[in-house]
Number of protein chains: 2
Amino acid sequence: MKPSVVTIEPNGHFCSDCAVRDAAVCSSLDPAELREFEHLGRRVHFAASGTAFSEEDITTSFYNVLEGVMRLHKLLPDGRRQIVGFALPGDFLGMNISGRHNFSADAIVAVTVCQFAKAAFGRFIETRPHLLRRINELAIRELSHARDHMVLLGRRSADEKVAAFLLGWRERLSSLGGSSDTVSLPMSRQDIADYLGLTIETVSRTFTKLERRGVIEIIHGGISLLDPAQVEALAAA
Amino acid sequence: MKPSVVTIEPNGHFCSDCAVRDAAVCSSLDPAELREFEHLGRRVHFAASGTAFSEEDITTSFYNVLEGVMRLHKLLPDGRRQIVGFALPGDFLGMNISGRHNFSADAIVAVTVCQFAKAAFGRFIETRPHLLRRINELAIRELSHARDHMVLLGRRSADEKVAAFLLGWRERLSSLGGSSDTVSLPMSRQDIADYLGLTIETVSRTFTKLERRGVIEIIHGGISLLDPAQVEALAAA
DNA sequence: CGCGCCTTTGACACGCGTCAAAGAGAGTGG
DNA sequence: CCACTCTCTTTGACGCGTGTCAAAGGCGCG
């Protein structure tokens, strides 16, 4: 693990300018609350492959992803890794019961987050049930994704996993920017493998197989869906 | 799927008598609130293998499990099944974003639940942020379990899956009743297989293998951990 | 007793993991 | 600008773990 290269901006940022303002946890706040909320968070940058927190760390902050892509993962004692999710702008990290993050989070590309001290955030939320409701919504949505992913991990073949991943990732990207048949994949093959419960070789072979069939095209930094309908058929719902 | 055999008790139950009162979502309510809450829920019984709801159903109720064991699962179009969890007394079901349950729930043994109409429950919670906080806690705990289970499904061998399952199930039972090295398994081998992302044959063979090694003993309706330390070693953390 | 369902056991097959090596870019220094 | 290295990806050969298919228990229930 590389040392986390972190830059903390002095200040001077406003929630009203924030790119994820309407998507993130803060969408539940009214303008007056936003001005107060502004003082709680500070922007923090992580360089690519920097670590925001590790699974055994005590939780001292919450994070709102503003920009970039993060990898959320857990390790077994012998080093086997499972990526439990990718975090994109608008995602909120740090909720837990145990007082520890139960997964590690690091930057796949350069990442900007809005960081909140746990205590101050806790105090703020105390009197804002609508913010709590918003956080609850995000948690429940995550839970639903987690259950979908369990089905993928437990019951799908390698081909289905890869096809479902490509569609799911395209879906997430399109909910951020414009939708497109060109899907950018900022994560490595190893990351994809660890997300899908496969080996890197199987992921690579499956990509190649799909390309040979003319279903996708492997391009630099991603893939292009030449035949989206076929990919959906392969994903088996 | 068998028809859901359901019995609804006329009334006459009180939260103050409730077995899960301190463990469930209602632990956040004070005595006065409990008396009001009492009128919102009604006890419903499901016979073994009865269905409480299916994944495509519109959510009209929330459920608080009072007694018994439920199986929460999702199906792929071709019939492959993944069990995403087992619900025990104290578990709260029905939270979702989409307006639909995204998994099915049915009774493994006779089950009693406390059922709440969605609208009435929503109104009640509106003015009780502490209840919302409690629900949020339960959701976050579920999410943490879901992520642990992803690691199991994606990265563990059959032996490790079975060993981890036995320990995890014992853990859950012991948090309800007294802890013991005798672990009751009310679910079928098929259920265990669908929970662990294995086939019934592999589960059966793994049980037999563990028994031959003297690590467990297969008894009627469960297993006995003869050598818990060995099981923990097999589970690989 | 006999029927039906669940579990166990066995033989075999195959998908995916493992091991190994070659290819392909990106960054660095001469 | 090219050679060199490092890392990531791709490809190939092979083997194993787990799935598949089939049949024989085992147990409850009518």
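Residue numbers start from 1 in every chain, and the chains themselves are labelled A, B, ... in the order their sequence lines are given, proteins ahead of strands.
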Spacing between A:Arg189 atom CZ and C:dG25 atom P, to the nearest angstrom: 12 Å
Nearest-Å distance for atom pair CE/P, residues B:Met187 and C:dC6: 15 Å
Integer-rounded Å distance: C:dT7 P and B:Glu211 CD: 15 Å
A:Thr202 vs C:dG17: side-chain N/O to OP1/OP2 distance below 4.0 Å: yes
Rounded distance (Å) that lies between atom C1' of D:dT10 and atom CD of A:Gln190: 14 Å
Sugar-phosphate, base or nothing in reach of B:Gly197, heavy atoms under 4.0 Å: sugar-phosphate
Qualifying residue, where the test is side chain to side chain contact (heavy atoms under 4.5 Å, CB included) with A:Asp191 and the options are A:Val203, A:Leu196, A:Ile200, A:Ile108: A:Ile108
Side-chain N,O (B:His220) to OP1/OP2 (D:dG26) below 4.0 Å: no
Protein-nucleotide distance (B:Leu185, atom CG; C:dC6, atom P), rounded to Å: 16 Å
Sugar-phosphate, base or nothing in reach of B:Ser204, heavy atoms under 4.0 Å: base
Side chain A:Lys74, main chain A:Asn102, donor-acceptor under 3.5 Å: yes
Among C:dT8, D:dT20, C:dT18, the nucleotide that comes nearest once only the side chain of A:Glu201 is considered: C:dT18
Any B:Thr208 side-chain N or O less than 4.0 Å from OP1/OP2 of C:dT9: yes
Whether B:Thr51 side chain and B:Phe53 backbone form a donor-acceptor pair below 3.5 Å: no
A:Leu185 vs A:Phe165, side chain to side chain contact (heavy atoms under 4.5 Å, CB included): CA-CA, chis, key distance, verdict: CA-CA 11 Å; A:Leu185 299 175; A:Phe165 166 69; 4.0 Å; yes
Aromatic plane relationship, B:Tyr195 with B:Phe86 - under 30° parallel, 30 to 60° tilted, over 60° perpendicular: tilted
Sugar-phosphate only, base, or nothing, as touched by B:Arg212 at under 4.0 Å among non-hydrogen atoms: sugar-phosphate
Base C:dT18 paired with A:Arg205 side chain (donor-acceptor, <3.5 Å): yes
Interatomic distance, B:Ile218 CD1 vs C:dC6 P [rounded to whole Å]: 18 Å
DNA chain D: 5'-proximal contact among B:Thr199 and A:Ser188 (nearest heavy atom): A:Ser188
Integer-rounded Å distance: D:dT9 C1' and A:Ile223 CD1: 16 Å
For atom CD1 of A:Ile200 and atom C1' of C:dA21, their distance in whole Å: 14 Å
